[in-house]
Amino acid sequence: MLLTEIAAASEAVAAASARRDKVALLAACLRRASGSDAPVVAAWLSGRTFQRRTGLGWASLRSAPPPAVSPSLTVQMVDAQLARASLLTGAGSSGERQKIVLELLSAATAGEQRLLSGLISGELRQGAAAGLIVDAVAKAAEVPLASVRRALSVHGDLPDVAAAALEGGESALSAFQLSIGRALAPMLAAPAPELGAALAKTGPAGVEWKLDGVRVQIHRQGSDVSVFTRTLDDITARVPEVVEAVRGLDVADAILDGEVIAYTASGRPAPFQVTSARVARHDLEKARAATPLSLTLFDALHVDGDDLIDRPGADRRTRLEVAAPELIVPRHVVDDPSDEAAVTGAQAFAADTLARGHEGVVVKSLASAYTMGRRGAGWVKVKPRITLDLVVLAAEWGHGRRTGKLSNLHLGARDPEGEYGPPGGFVMLGKTFKGLTDVMLDWQTGKLRELAERESKWVVHVRPELIVEIAFDGVQRSPRYPAGLALRFARVLAHRPDKPAAQADTIATVRSHHVVEDGAENSSADEAET
DNA sequence: TTCCGACAGTGGGGTCGCAAT
DNA sequence: ATTGCGACCCCACTATCGGAA
C-alpha cells in the first residue's frame, strides 16, 4: 500500500465535519490495508506511529526539505525507517534520526509530508483519533462495534485489534481475553464541582480518598508482578515497593488498580512533584532510600481465576477487601443519595480527606462495571478549587481552531513590595488557555490588542491592566517562574474589565496557598532568588 | 425536540534520562 | 557542566456530533 493513500484519507477526514463521514472515509482506507499493512495503517489513522516511541519530535521537523513531485513511498518503507529510528541509541543517534526524517520528507509529496509531520510530532489534528478508528474498524470489518470495543478493552492495543478484526472478523475478535500481564486501559473519572452533583450522577456510591500520586495497574501471577501506568507504560523496575506489597498479598493471581504515592516525614501525602520525580528516577537504591513509595488499592479487575470487570463496583470492592485488607483505600458509603443525612455524612468524610492532605474524593457507583478507558458516570471526582484575580501580562497567538486569536494568557500577581521587580509591578505565575469560550476568545483578542505594548512572533506583551478571574487546584514549586511558584491547572472563569489592576491579588496571597513540604531534603523549596 | 455522552482539540505544570554543545 | 529534546506523570475545559430521552 502507498503512503499517499493514507495521506489522502487523512486529508479527507480533516476536511469532513460529520463524524459518520469521517468514519466512512477511515473505514474505506482500512479496508484497502491488508496483511502487515493493517496494524500500521490503523495506528497512523489514529494519529500515532506504530512504534510507541520513536525518539523523534518537533525538533526533527524544523527544516523541511522541498516536497517530492510524485508519490513513491510505501507504508512498509516508512514504517521500517521509523522502526529503525526508534531503535537508535548512543552517541550520534540524534543525527542519525534526523537524517532518517530528512530522507523520508524529501521522498514525500506535500500531502505525505503533512501526514509524516503530524505523526512524528504527535499532532496530526485531523479530527479523528483512536475513538473514531474503533468505529471505522467495526465498519470496515463488518462486525458489531461492541465486539471491537470488548476486544480492545481486554487487549489494550488498537493496531492488534484492528488487524485481527480486518483479517479474521468476529471470531478473531472473540479470541481476545483478559490476560494477566497484558495491561488494559484504566477506568477514568469524570469531574464534578461538588459532592452533591457527583452523587446525582452515580446514584448509590462509595466515596473514596483521591490520592495525588501516580495511577498504577498491577498484574500478579504467582510471584510474577508487573506494574503499568495510566498510559500502559511498564514501570515495574522503578517501583519495587509496589511489587513487594503485591507479592505480600494472599492471592495467587490478580489484576489490581491503585495509586502509588510518597509520604513526607510527618506522614502527610507529599506534593505530586515529589512522587512523580521518584517514579521517574532510575537510580533505584538512592531514590528509594530518599523517597519511599506506598501503594493504595481501590479496585480489582481479576482475582484468583475470576474476571471482575463486568461485575458491579460493590462486588469488586468486596473481593478487594478480602484480597488486600491492608492496602485498600478508605471510603464512606452513601446508599441513598436522596437522604440528606447520608450526604452530610459524606461531606464530613470529604472534609476529613482534605484535612489529611489528600487531593479530593472520587465518588464511585456501587452498581457500575469497570468501564475501561472511558470517562463514564461510574466514577466522578470532586476536588476543591481556589480562585484569584490575576492580571494578564501577555498573550500568545493560538494554533488550529484558535489561529488568529490571542489564546494563551500569561498571568501575574501584584507585587506591591517590589520583591521581584519595581514596587507596584507584577510577577508571572504561569499561563492558561483553558475555560475560554469562542466569545471570550474573540473579546480578549480585541481587548489585548488595544493594550499591546510590544510584540514578538508568538507573544503579544500588554499593559498590565486586564484582570481575569482564575481558578486553579493549588500552588506548586516552580523552577521556571521568578517567584519560584506556579499555579496548577489554572483556567479562566471570567474577564474582569470592571476591576482595576491595582485590586488584583498579591503574590503574598498566592504564597499563602502554597503547602510547604516538610521533608528535610526539601527545605529549599521556596528559596527566593535575588 | 431537547438533552447528554463521547470525542477531539488546545494547550498548562513538572520531572527524568540522554545526546549534543 | 549545561542545555535542549523526547517521553511521561498530572490535567481542565469547550465545541461538536449524534444517539437517547
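Throughout, a chain's letter reflects where its sequence line sits, starting with A, and its residues are numbered from 1. Just so you know, these numbers come straight off a predicted model, no measurement behind them.
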Original post:
Taking the six-membered ring of A/Phe298, is the NZ or CZ of A/Lys364 close enough (under 6.0 Å from the centre) and on axis enough (within 45°)?
Top reply: yes
Residue [X], side-chain heavy atoms: nucleotide from [options] that is nearest:
X: A/Ala129; options: B/dG14, B/dT10, B/dA8; answer: B/dA8
X: A/Arg480; options: C/dT14, C/dA12, B/dG13; answer: B/dG13
X: A/Lys434; options: C/dC9, C/dA12, B/dA6; answer: C/dA12
X: A/Asp233; options: C/dC8, C/dG18, B/dT10; answer: C/dC8
X: A/Thr54; options: B/dT10, C/dA15, C/dA7; answer: C/dA7
X: A/Ile235; options: C/dC9, C/dC5, B/dT10; answer: C/dC9
X: A/Arg230; options: B/dC7, B/dG14, C/dC10; answer: C/dC10
X: A/Ala59; options: B/dG14, B/dA6, C/dC5; answer: C/dC5
X: A/Phe489; options: B/dA20, C/dC11, B/dC7; answer: C/dC11
X: A/Lys431; options: C/dG6, B/dG12, B/dG17; answer: B/dG12

Subject >> Watson-Crick or G-U counterpart of B/dC7, or none if no pair lies under 3.5 Å >> reply: none
**OP:** To the nearest 0.5 angstrom, please state how far the NZ atom of A/Lys381 sits from the CD atom of A/Glu208.
**Re:** 14.5 Å
Subject >> Spacing of A/His358 atom NE2 and A/Lys383 atom NZ [to the nearest 0.5 Å] >> reply: 15.0 Å
Original post:
Passes side chain to side chain contact (heavy atoms under 4.5 Å, CB included), A/Leu390 versus A/Glu469? Steps please.
Top reply: CA-CA 6 Å; A/Leu390 300 175; A/Glu469 190 181 353; over 6 Å; no
Subject >> Earlier contact from the 5' end, DNA chain C, for A/Arg53 and A/Gly435 >> reply: A/Arg53
Original post:
Closest nucleotide of DNA chain C for A/Val492 versus for A/Trp58: which of these residues is on the 5' side?
Top reply: A/Trp58
Interatomic distance, [X] [atom1] vs [N] [atom2] [rounded to whole Å]:
X: A/Arg491; N: B/dG13; atom1: CZ; atom2: P; result: 15 Å
X: A/Leu393; N: B/dG12; atom1: CG; atom2: C1'; result: 16 Å
X: A/Leu487; N: C/dC11; atom1: CG; atom2: P; result: 17 Å
X: A/Gln476; N: C/dC11; atom1: CD; atom2: P; result: 12 Å

Original post:
Between the side chains of A/Tyr370 and A/Asp310, is a donor N or O closer than 3.5 angstrom to an acceptor N or O?
Top reply: no
Original post:
So, A/Arg414 versus A/Thr506: side-chain donor-acceptor pair below 3.5 Å or not?
Top reply: no
Original post:
NA contact type, A/Gln126, heavy-atom cut-off 4.0 Å: base, sugar-phosphate, or nothing?
Top reply: sugar-phosphate
Original post:
In residues 399-414 of chain A, which ones come under 4.0 Å of DNA chain C, going by heavy atoms?
Top reply: A/Arg401
**OP:** Give me the one residue out of A/Leu88, A/Leu105, A/Leu82, A/Thr54 that meets side chain to side chain contact (heavy atoms under 4.5 Å, CB included) with A/Ile100.
**Re:**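 It is A/Leu88; the other options fail the test.
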Original post:
What is the ring orientation for A/Trp443 with A/His495, classed by angle as parallel under 30°, tilted 30 to 60°, or perpendicular over 60°?
Top reply: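 A/Trp443 vs A/His495 ring planes: tilted.
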